[in-house]
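Indexing begins at 1, ligand by ligand and atom by atom, following the structure's order.
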Amino acid sequence: MHYSKELEEMARKLVAPGRGILAADESTATIGKRLQKIGVQNEEEHRRAYRELLFTTPGIGEFISGAILYDETIRQAASDGKPFVDVMSKAGIVPGIKVDTGAKELAGSSSEKITEGLDGLRERIAEYYKIGARFAKWRAVITIGAGMPSDYCLRTNAHALARYAALCQEGGLVPIVEPEVLMDGDHSIERCYEVTHRTLGLVFEALGQQEVVLENMLLKPNMVISGTACSDQADVSRVAFETLRCFRQTVPAAVPGIVFLSGGQSNEKATAHLNAMNQLEGLPWELSFSYGRALQAAALEAWKGRSDQVQAAQKALYHRAKMNSLARSGRYSDQLEKAA
Ligand code: 13P
């Protein structure tokens, strides 16, 4: 792969100071689960109306540099007929696209997953570029448990991530490489560190073997954090410290930015962790967010499918985006959270 100035500029734009990414690329099944929680039917018009609410939030472009969409969404339009990609571009938000087709059972294993979607990917990338996408996402899922993750799972997922990233760079999209080590389980932060370290090591080895240009990509990792059911939860400063200790050893400085997933953390925790990391000095990469749930949960809850609650939902999204924007420079605080 050849270095591309255009792709590096796009990657840097996505992690520009004070801004981050909105992950709104839930598949039809996943958004269905979120809608069910607020009592809304999983119908195309409801999915469309909800995404319109997100992208038309007044002033959101100040904090959001790009949004990741699902195949259905990138082809949809606002209620006035304007394609979403145009609505977003006008708001200063770069359209991105999820190109994997989901995590499926890994052959010969009943408990580990491999992410699929490589077949026909070159052609799909070309089509998405034409529609207006300028970056992409592929998520690999790594589970911590008894005997897991296996080397087999880590290596096959790393290989697929690298194949995806190389195809994106060839086709003019900035690849977001997302190896997610899940928070589920009672494992300690030390175990999460160990697995994340191994995962990232193998991912960057595969990216190197497949000649992916590091300046032309972004990494979307989990934080190094205690398992959800762990009885000894590491505090915010420990999470920040261990996460960066792990990344300094595994993520080359040539990568322009790291955009975290929230992975099931509470809204405030996800913001506080990012904030604490950005208070530490001497980092070679931009540290930003690419949150799904931690940006959207409050908005969904406020909306509940009611057209008279659109403004309230937009206010909730605006607030979370602003708090995470402040966390990009370590200026977030409890007082600011509560002041709103
Ligand atoms: P969460 O922030 O909800 O983990 O979603 C981010 C994402 O895009 C996962 O692939």
What residue and atom, counting heavy atoms only, is the protein's closest point to atom 1 (P) of ligand 1, and at what distance?
Ser262 OG, 3.3 Å

We want to know whether Thr271 and Arg320 form a side-chain donor-acceptor pair, criterion being a heavy-atom distance below 3.5 angstrom.
yes

Would you say the side chains of His46 and Gln41 form a donor-acceptor pair under 3.5 Å?
no

Near Lys137 (heavy-atom distance under 4.0 Å), the atoms of ligand 1 are 7 (C), 8 (O), 9 (C), 10 (O)

Logged contact type for Arg293 with ligand 1, heavy-atom cut-off 4.0 Å, is both

One finds that the ligand 1 atoms under 4.0 Å from a non-hydrogen atom of Tyr291 are 2 (O)

For atom 4 (O) of ligand 1, grab the closest protein heavy atom and report residue, atom and distance to one decimal in Å.
Gly263 N, 2.7 Å

ILVMFWY network linking Met323 to Val259, side-chain heavy atoms under 4.5 angstrom:
no

Identified side-chain contact (heavy atoms from CB on, under 4.5 Å) partner of Val236 from the options Glu268, Lys269, Met277:
Lys269

Reference residue Ser290; test side-chain contact (heavy atoms from CB on, under 4.5 Å); the match among Leu14, Leu218, Ile21, Ile258
Ile21

Does any N/O atom on Glu178 come nearer than 3.5 Å to any N/O atom on ligand 1?
yes

Distance from atom 6 (C) of ligand 1 to nearest protein heavy atom, with residue and atom
Lys220 NZ, 3.4 Å

Donor-acceptor pair between Glu26 and Tyr70 side chains, under 3.5 angstrom:
no

Which value, rounded to the nearest 0.5 Å, describes the distance between Met88 atom CE and Thr56 atom OG1?
11.5 Å

Could you find the nearest protein heavy atom to atom 5 (O) of ligand 1 and give me its residue, atom name and distance?
Gly292 N, 3.5 Å

Please confirm whether Ser290 comes under 4.0 Å of ligand 1, counting heavy atoms of the residue only.
yes

Would you mind listing which atoms of ligand 1 come within a distance below 4.0 Å of any non-hydrogen atom of Ala23?
8 (O)

